[in-house]
Participant: 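Mind having a look at this structure? Questions to follow.
Order of the sequence lines sets the chain letters (A, B, ...), proteins ahead of strands, with each chain counted from 1.
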Number of protein chains: 2
Amino acid sequence: MANIDRGIQIFRREERHLTKVFKALSDGTRQEILRLLEGRQRTVGEIVGNFNLSQPTISRHLSVLKEADLVVDHRQGQNVIYRLNDGALSTSMQEFFGQFRSCQDVLR
Amino acid sequence: MANIDRGIQIFRREERHLTKVFKALSDGTRQEILRLLEGRQRTVGEIVGNFNLSQPTISRHLSVLKEADLVVDHRQGQNVIYRLNDGALSTSMQEFFGQFRSCQDVLR
DNA sequence: GCGACTCATAATCGCTAGGTCATGGGTTCA
DNA sequence: TGAACCCATGACCTAGCGATTATGAGTCGC
């Protein structure tokens with residue numbers, strides 16, 4: 001019974017994580033940031049340069065993406081560099097879409 | 001040039017559609033509704049019975065899912081029956097995740 | 001046509017999300 | 001050490017979201 005409860009807890013936690021991921025993806029700016037990072041990692045300043053939004057705004061978006069585990073950052077001198085968290089996207093994707101029969105034939 | 005503009009318009013429209021889809025998915029209740037509908041189609045009343053939420057609230061959630069084209073409804077007598085819009089999920093999935101190299105090896 | 005049933009919509013409320021400007025903390029270099 | 005640069009965070013405002021209750025619109029059986 002304790003095992004079942006633990007299983008439910010894990011399920012709930014992953015459900016919340018999944019919700020975080022979808023919330024992160026449900027904004028056009030954040031989608032665009034991910035596309036920018038697909039090519040290569042970038043500094044915050046480089047990312048800001050691609051939008052007509054203030055630096056704090058982009059910084060907020062980046063923290064949402066980081067909270068959803070979709071990006072990873074590290075400091076290099078004065079700059080903070082963001083890159084895609086490879087694997088996180090595909091993992092979430094399989095986790096959710098794998099539940100649906102109509103998606104089975106699109107997943108490996 | 002007109003062709004390019006038209007292409008951009010299509011891109012923008014699909015981008016907005018994708019945002020709608022992710023917004024629809026970014027709520028735990030709506031995720032749960034989709035899982036319920038995975039097994040079989042259900043009336044609104046049946047869906048409401050699975051939650052501790054009012055009927056209007058569920059009705060709102062259903063309209064969000066419908067607006068995102070993730071579900072389809074039709075009336076049958078007094079009831080309105082909802083079912084998954086098979087294909088819409090997998091299409092959106094490929095449309096977005098196909099952009100990322102790290103997802104390529106998970107998609108067919 | 002009328003009451004009963006099923007579902008959608010209108011009006012409303014509290015909270016979260018996304019934007020801004022101002023400011024603070026870390027790092028580099030002279 | 002102090003100035004300059006890069007980025008994150010605090011304070012704030014507005015708009016949108018999720019929930020509710022009340023009500024309206026279709027449909028069925030009598």
Side-chain angles (χ1 to χ4, degrees), chain A residues 12 15-37 40-85, chain B residues 12 15-37 40-85:
Chain A
R12 292 293 171 209
E15 189 185 47
R16 284 197 302 273
H17 173 67
L18 210 49
T19 299
K20 254 188 207 174
V21 171
F22 284 130
K23 272 196 196 307
L25 294 176
S26 69
D27 179 277
T29 299
R30 289 194 288 267
Q31 291 173 27
E32 195 65 37
I33 290 175
L34 291 180
R35 286 192 207 96
L36 277 175
L37 296 179
R40 55 179 174 83
Q41 61 182 17
R42 292 173 194 264
T43 68
V44 174
E46 286 174 339
I47 298 172
V48 171
N50 282 273
F51 297 92
N52 276 329
L53 293 172
S54 68
Q55 174 267 318
T57 296
I58 297 297
S59 190
R60 297 279 187 203
H61 282 306
L62 287 170
S63 76
V64 171
L65 289 170
K66 191 166 76 172
E67 188 68 19
D69 207 37
L70 294 174
V71 299
V72 168
D73 67 331
H74 70 280
R75 174 174 285 275
Q76 184 169 330
Q78 289 180 335
N79 299 315
V80 175
I81 300 183
Y82 280 81
R83 62 176 170 82
L84 283 188
N85 183 9
Chain B
R12 291 294 170 208
E15 190 185 45
R16 284 196 302 272
H17 172 69
L18 210 48
T19 299
K20 252 186 207 172
V21 170
F22 284 130
K23 274 195 195 306
L25 294 175
S26 69
D27 179 275
T29 300
R30 289 193 289 266
Q31 291 171 27
E32 196 64 38
I33 290 175
L34 290 179
R35 287 191 206 98
L36 277 175
L37 297 179
R40 54 180 174 83
Q41 61 182 19
R42 292 173 195 263
T43 69
V44 174
E46 286 174 340
I47 299 171
V48 171
N50 282 273
F51 298 92
N52 276 328
L53 292 172
S54 68
Q55 174 268 318
T57 296
I58 297 297
S59 191
R60 290 285 187 201
H61 282 308
L62 287 170
S63 76
V64 171
L65 290 170
K66 191 167 75 170
E67 188 68 19
D69 207 36
L70 294 173
V71 300
V72 168
D73 67 332
H74 71 279
R75 174 175 283 275
Q76 183 170 330
Q78 288 181 336
N79 299 315
V80 175
I81 301 182
Y82 281 81
R83 62 177 171 80
L84 283 188
N85 183 7

Participant: Atom CG of Leu62(A) and atom P of dG18(C): how far apart are they, to the nearest Å?
Facilitator: 13 Å
Participant: Could you walk me through whether Val44(B) and Leu62(B) satisfy the side chain to side chain contact (heavy atoms under 4.5 Å, CB included) test, starting with their C-alpha distance in whole Å, then the side-chain angles of each, then the deciding distance to 0.1 Å, before giving a yes or no?
Facilitator: CA-CA 9 Å; Val44(B) 174; Leu62(B) 287 170; 3.9 Å; yes
Participant: Where do His74(B) and Ile81(B) land on the side chain to side chain contact (heavy atoms under 4.5 Å, CB included) test, with the steps shown first?
Facilitator: CA-CA 5 Å; His74(B) 71 279; Ile81(B) 301 182; 3.8 Å; yes
Participant: I'd like to know whether CD of Glu67(B) has more than 12 heavy-atom contacts from other residues, nucleotides or ligands below 6.0 angstrom.
Facilitator: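 No, the 6.0 Å shell around CD holds no more than 12 heavy atoms from other groups.
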Participant: Can you measure Gln76(B) atom CD to dT27(D) atom P for me and round it to whole angstrom units?
Facilitator: 13 Å
Participant: Rounding to a whole Å, what distance do you find between His74(B):NE2 and dT27(D):P?
Facilitator: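 The answer, rounded to whole Å, is 13 Å.
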Participant: For residues Asp27(B) and His61(B), report the shortest heavy-atom separation together with the two atoms involved.
Facilitator: OD1-CE1, 3.7 Å
Participant: Distances under 3.5 Å only, N/O to N/O: pair up the protein atoms with those of nucleotides 13-19 of chain D.
Facilitator:
{"from": "dG18(D)", "atom 1": "OP1", "to": "Arg30(B)", "atom 2": "NH2", "distance (Å)": "2.9"}
{"from": "dG18(D)", "atom 1": "OP2", "to": "Arg30(B)", "atom 2": "NH1", "distance (Å)": "3.3"}
{"from": "dA19(D)", "atom 1": "OP2", "to": "His61(B)", "atom 2": "NE2", "distance (Å)": "2.4"}

Participant: Begin from the C-alpha positions of Val71(A) and Lys66(A) and carry the test side chain to side chain contact (heavy atoms under 4.5 Å, CB included) through to its verdict.
Facilitator: CA-CA 5 Å; Val71(A) 299; Lys66(A) 191 166 76 172; 4.0 Å; yes
Participant: Given Asn85(A), which of Leu65(A), Leu70(A), Asp69(A) fulfils the side-chain contact (heavy atoms from CB on, under 4.5 Å) condition?
Facilitator: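 Going through Leu65(A), Leu70(A), Asp69(A) one by one, the side-chain contact (heavy atoms from CB on, under 4.5 Å) with Asn85(A) is satisfied by Asp69(A) alone.
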Participant: Could you run through nucleotides 1-7 of chain D and give me one letter per nucleotide, 5' to 3': B if any protein heavy atom sits under 4.0 Å from the base, S if only the sugar-phosphate is that close, - if neither?
Facilitator: ----BSB
Participant: If I take atom CZ in residue Phe22(B) and atom P in nucleotide dG18(C), what distance separates them, rounded to the nearest angstrom?
Facilitator: 15 Å
Participant: State, to 0.1 Å, how close Asn50(B) and Arg42(B) come at their nearest heavy-atom pair, and which atoms those are.
Facilitator: ND2-NH1, 4.5 Å
Participant: Measure from the side-chain N and O atoms of Ser59(B) to the backbone N and O of Pro56(B), and report whether any donor-acceptor pair falls under 3.5 Å.
Facilitator: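 No; zero donor-acceptor contacts below 3.5 Å.
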